[in-house]
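For this chain, numbers begin at 1 and follow the sequence in order. All heavy atoms count here, side chains included; hydrogens, waters and symmetry mates do not.
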Amino acid sequence: MLIDKKILVAGIIMVSIGISLSLYLNSTSPVGTSGMTEEETLDLLIEQQENQDFNTLAGILIGIGFMLVLISFGARRRRKGSPKKVEKKPET
């Protein structure tokens, strides 16, 4: 089975960074307390939205890395000395 190792390694790195980033963001999510003022509540909502947006970006990073891993199994390197394949059109 032919595997492009550079693409595979890049995909694995992207998946691992995405997972670790997602775990970190989930562990540090902002939490509100009772008796907060309106301004503190707005700040909390903004921080929660930012955390959710970064979590979405981490998910996208995981998805792209996974796609790279899958692509690496089907990627074939072209050898330097091999000629390009040329399709000949049938004469009608």
Would you mind writing out the side-chain donor-acceptor pairs for residues 11-19 within the sub-3.5 Å range, not counting sequence neighbours?
{"residue": "Ser16", "atom": "OG", "partner": "Ile12", "partner atom": "O", "Å": "3.2"}
{"residue": "Ser16", "atom": "OG", "partner": "Ile13", "partner atom": "O", "Å": "2.9"}

Can you run down the side chain to side chain donor-acceptor pair (under 3.5 Å) pairs that involve residues 51-64, sequence neighbours left out, and say none if there aren't any?
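Those involving residues 51-64 are Ser22-Asn55, Asn26-Asn55, Gln49-Asp53.
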
Counting neighbours of CE on Met67 that are heavy atoms of other residues, nucleotides or ligands and sit closer than 6.0 Å, is the number greater than 12?
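Incorrect, the count does not exceed 12.
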
Kindly compute the distance separating CD (Glu47) from OG1 (Thr28), expressed to the nearest 0.5 Å.
10.5 Å

Test Leu57 against Leu61 for side chain to side chain contact (heavy atoms under 4.5 Å, CB included), laying out the working first.
CA-CA 6 Å; Leu57 289 175; Leu61 185 66; over 6 Å; no

Of Ile3, Leu68, Leu70, Ile71, the one forming a side chain to side chain contact (heavy atoms under 4.5 Å, CB included) with Leu8 is Ile3

Report, one line per pair, each donor and acceptor closer than 3.5 Å where one atom sits in a side chain of residues 38-45; sequence neighbours left out.
{"residue": "Glu40", "atom": "OE1", "partner": "Thr37", "partner atom": "N", "Å": "3.0"}
{"residue": "Thr41", "atom": "OG1", "partner": "Thr37", "partner atom": "O", "Å": "2.8"}

